[in-house]
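Bear in mind the structure is a predicted one, so any value in this text is a computation, not a measurement. Residue numbers begin at 1 in each chain, while the letters A, B, ... track the order of the sequences.
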Amino acid sequence: MKITGANLLRTLLERQGIHTLAGLPGGAILPFYDALHGSAVRHILARHEQGAGFIAQGMARVTGRAAACVATSGPGATNLLTALADARLDSVPLVAITGQVPLALIGTDAFQEVDTYGLTLPITKHNFLVRHIDELLEVVPLAFQLAESGRPGPVAIDVPKDVQNATTDVPDDAWPEPGRALPPPLCADAPIDALAQQLAAAQRPVLYLGGGVITAGASDLACALAQRLTAPTVCTLMALGAMPPEHPLYMGMLGMHAAQGTNFLLDEADLVLAIGARFDDRATGKVAEFCPRAAIAHIDIDHAEIGKIKTPFLGLVGDAADILRRLLDRLPAQARPAWRARAAELRAAFPLRPPPPAEDPLHPINLCRFLGATLPPDTIVTTDVGQHQMWVAQAYPFRQPRTLLTSGGLGTMGFGLPAAIGAALAAPGRRVICVSGDGSILMNIQELATLAELDLPVALLVCNNAHLGLVRQQQELFYRERYSASHLGAGPEFAALARAFGVRGHRLDPTRDPLAELAAALAQPGPCVIDIPIQATANVYPMVPPGAANRHMIAAPELQPALAHA
Amino acid sequence: MPDPTATTPPRAPSTREECYVLRNIPAAAATAMSEPICNVLRYKPTTVLELRVRNHPGTMSHITGLFARRAFNLEAIVCVPRAGGAESRMLLLVAEEPRLEQVEKQLAKLYDVLAVRHRDDLGPEFFAGLTLATAG
Ligand SMILES: Cc1ncc(C[n+]2csc(CCOP(=O)(O)OP(=O)(O)O)c2C)c(N)n1
């Protein structure tokens, strides 16, 4: 059958199961948009390409399957870059398609020409510049295969306009199979035997779960392993939701904003088993002093992660679910009563200490707890980046995998709203909330127009502290209270702004039963924006100063009056 | 005769003549060597990696970009097409440092890299020989 490059590209996406595609058109991608017209593929018109990238990320993070986004050449492509870099650091499967100037114009500084191949090279898992229409038959399935195989990641495909306009003949039997994840590398038995022996012999084992546990669908197995071994378990930001917070062995997030007891426990451990975690500096603190008494074992699907930061005594490369299953087959139950008691003691000794809810009901910790108690357990929570993100991580009870969508590796302000839109598209019927800050939300505020148009059940909660709060906090703690460019002031009226976009807007009044008003706002159908005034001076505690060892945490001032007066 | 693979420099580089101490380097090549490569070859312990790669216009960028963004040292590189042009072989002169294993793993992850192996039979003098071609 005779087919144009644009129609070929659309058909190949359809064959991949891509029914929804986020993007924004422009000159160099117009043939493809023409091919979308009247097709079964649903195009979500974002209002900025970064929004399109994060909408696709929201879909991918909820489903675990590669999602796609589209942009034109030049500024369209450069606007996508942040979402690609973000997907790379958080291992999110994504396929980004960009238009490019016609082949003959490449290299001539043509209108809206930019070296998309060169720009996407260091921030994608792989990238392609399609030089001939027939290459699409190979490149598109391969892009999906690469995005989803092993450790997932973003793949970029740059398609010159003349390639989209060209025609080729694709015989019925020449259509390629859709690209699918390749089977993961199989871990041999010997290291699993060795790990089982070491775990059985350990006295104070700890499981250190990373986002890879969620990617591998291994959350239940990790919980079973913790239970079997009586191993207290810590999670990275990306692993929140892998273990329900009510679990008696759950120790919460480790690292920079961990509960103190959690970081102290890691100092006492004699064996730490990292699963799908990459020893990020926000988790480890000063690496040389991370888990000083522990031998480290590491399970990861990415060979290069083993030994990248910490040299383990044992590295196991493979699918975490498969390895955990085989490990469980080899391990008898072990009680370790003293270690269990020690973990419980450390957990109880260092709780979060928000002000009493009656005093400050809108303190973000109280707010997160209220939301956790009010919303269904399968609610998807997206965040932006800053203090509000860390409060959500500390206090919202994530009970299921893939219910927290947050920009962990890149820490991208502006992630939350478009990711929430993507999540709502991918998980119809589920509640989605985006917890943002008054700084972050303005970075992709234009996506309120997209949200209004789609009328999705997304509630956007703006923790409004009139500051770039996390910056303000660091300036308070580490820059002698010299507040440089961290004050935002009254800012826009977010409720009015929401209404201007056609979205319901609320502003909570701290003096008039704000939680009841919040519950009422959340109970109404459709999208909404809720402006939540919070204390400008509230800080996220505990905090490990950047570069310090995790045991050197700055506790909330009210927890250490002696130090505060010293 | 100083060992080019010694970990610590025996003394500060002074003159071009010092290049002659390298193994098997034709005198002309040694003379032609620029000061930087001369110093690299003499004072840094190095090793040679061979890559089998897909031959297309972006491959070189993927490989050199990896070295740049991960702050790995890449001292010299040679690339020649093979297998009727579908593949290339690359020889990389890299620093022999603790992170070398990480370099190899990251290289092996690149889609365009089909195989990575050590070429212990080759040393820095192989690249020094090539400086002849860039003399002048
Ligand atoms: C795109 C981007 N620019 C800058 C930063 C640096 N940064 C990290 S947190 C933060 C402040 C965020 O302010 P806000 O969204 O109001 O959240 P808060 O910390 O007040 O909760 C900034 C500027 C970032 N993470 N991302």
Side-chain angles (χ1 to χ4, degrees), chain A residues 85 88-89 91 100 103 106-107 115-132 135 138-139 141-158 160 179 182 185 278-279 287 298 300-312 315 317, chain B residues 7 45 47-75 77 79 81-90 92 94-119:
Chain A
R88 176 76 162 139
L89 278 177
S91 307
Q100 182 54 280
L103 283 167
I106 289 183
D115 176 11
T116 304
Y117 184 85
L119 289 169
T120 53
L121 185 147
I123 56 170
T124 52
K125 194 170 168 188
H126 194 59
N127 60 348
F128 299 94
L129 168 57
V130 180
R131 288 163 197 275
H132 189 278
E135 286 176 26
E138 184 192 343
V139 162
L142 181 57
F144 280 85
Q145 178 196 306
L146 289 168
E148 290 188 349
S149 294
R151 178 179 184 174
V155 178
I157 310 178
D158 200 24
L182 297 173
R278 61 185 175 87
F279 296 82
V287 180
H298 192 177
D300 208 288
I301 199 157
D302 180 356
H303 188 207
E305 283 304 328
I306 312 282
K308 183 183 82 177
I309 304 286
K310 270 271 192 196
T311 309
V317 179
Chain B
T7 10
T47 193
V48 177
L49 296 179
E50 183 188 282
L51 310 184
R52 192 159 69 79
V53 301
R54 285 178 223 279
N55 182 14
H56 73 87
T59 306
M60 190 67 113
S61 303
H62 271 279
I63 288 158
T64 54
L66 176 73
F67 278 85
R69 71 177 174 275
R70 293 209 179 253
F72 295 148
N73 285 312
L74 176 59
E75 312 297 357
I77 187 165
C79 181
R82 292 285 290 273
E87 290 180 9
S88 300
R89 294 298 160 91
M90 284 188 177
L92 310 180
V94 298
E96 177 81 62
E97 51 164 326
R99 289 198 311 158
L100 183 58
E101 194 185 328
Q102 178 63 203
V103 177
E104 291 177 48
K105 286 178 175 175
Q106 293 293 350
L107 282 169
K109 274 211 297 184
L110 295 176
Y111 173 73
D112 286 330
V113 172
L114 303 170
V116 183
R117 67 176 180 128
H118 278 257
R119 284 294 301 266

Asks: Could you state the interatomic distance from CG (B/L92) to CD (B/E75), rounded to the nearest 0.5 Å?
Replies: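 If we round to the nearest 0.5 Å, B/L92:CG and B/E75:CD are 11.0 Å apart.
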Asks: Any side-chain to backbone donor/acceptor pair from B/N55 onto B/G85? Under 3.5 Å, distance only.
Replies: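 Yes, B/N55 side chain to B/G85 backbone: donor-acceptor pair under 3.5 Å.
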Asks: Under 4.5 Å between any side-chain heavy atoms of B/N73 and B/V94, yes or no?
Replies: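 Answer no - side chains too far apart.
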Asks: Only heavy atoms, only distances under 4.5 angstrom. Which residues in residues 116-132 of chain A are near chain B?
Replies: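 A/Y117, A/L121, A/P122, A/H126, A/N127, A/R131, listed by number.
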Asks: Could you check whether B/R54 makes a cation-pi contact with B/Y111, meaning its NZ or CZ is under 6.0 Å from the centre of the six-membered ring and within 45° of the ring axis?
Replies: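 Relative to the ring axis of B/Y111, which defines the angle, B/R54 lies inside both limits.
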Asks: Using a strict threshold of under 4.0 Å (side-chain N to carboxylate O), is an ion pair present between B/R82 and B/E87?
Replies: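 No salt bridge links B/E87 with B/R82.
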Asks: Under 4.5 Å, counting heavy-atom pairs only, tell me which of B/G58, B/A108, B/G65 racks up the most with chain A.
Replies: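 Of the candidates given, the most pairs with chain A belong to B/G58.
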Asks: Which one of B/Q102, B/H56, B/E101 has the most heavy-atom pairs closer than 4.5 Å to chain A?
Replies: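 Greatest number of close heavy-atom pairs with chain A: B/Q102.
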Asks: Quick check on the interface: out of A/K308, A/E305, A/R151, who has the most heavy-atom pairs with chain B under 4.5 Å?
Replies: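 Of the options given, most contacts go to A/K308.
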Asks: Answer yes or no: is there a donor N or O on one side and an acceptor on the other, between the side chain of B/K109 and the main chain of A/D302, under 3.5 Å?
Replies: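 Side chain of B/K109 to backbone of A/D302: no pair is present.
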Asks: Please name the pair of heavy atoms, one in A/P185 and one in A/I301, separated by the smallest distance, quoted to 0.1 Å.
Replies: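 A/P185 and A/I301 have their closest heavy atoms at CD-CG1, 4.2 Å.
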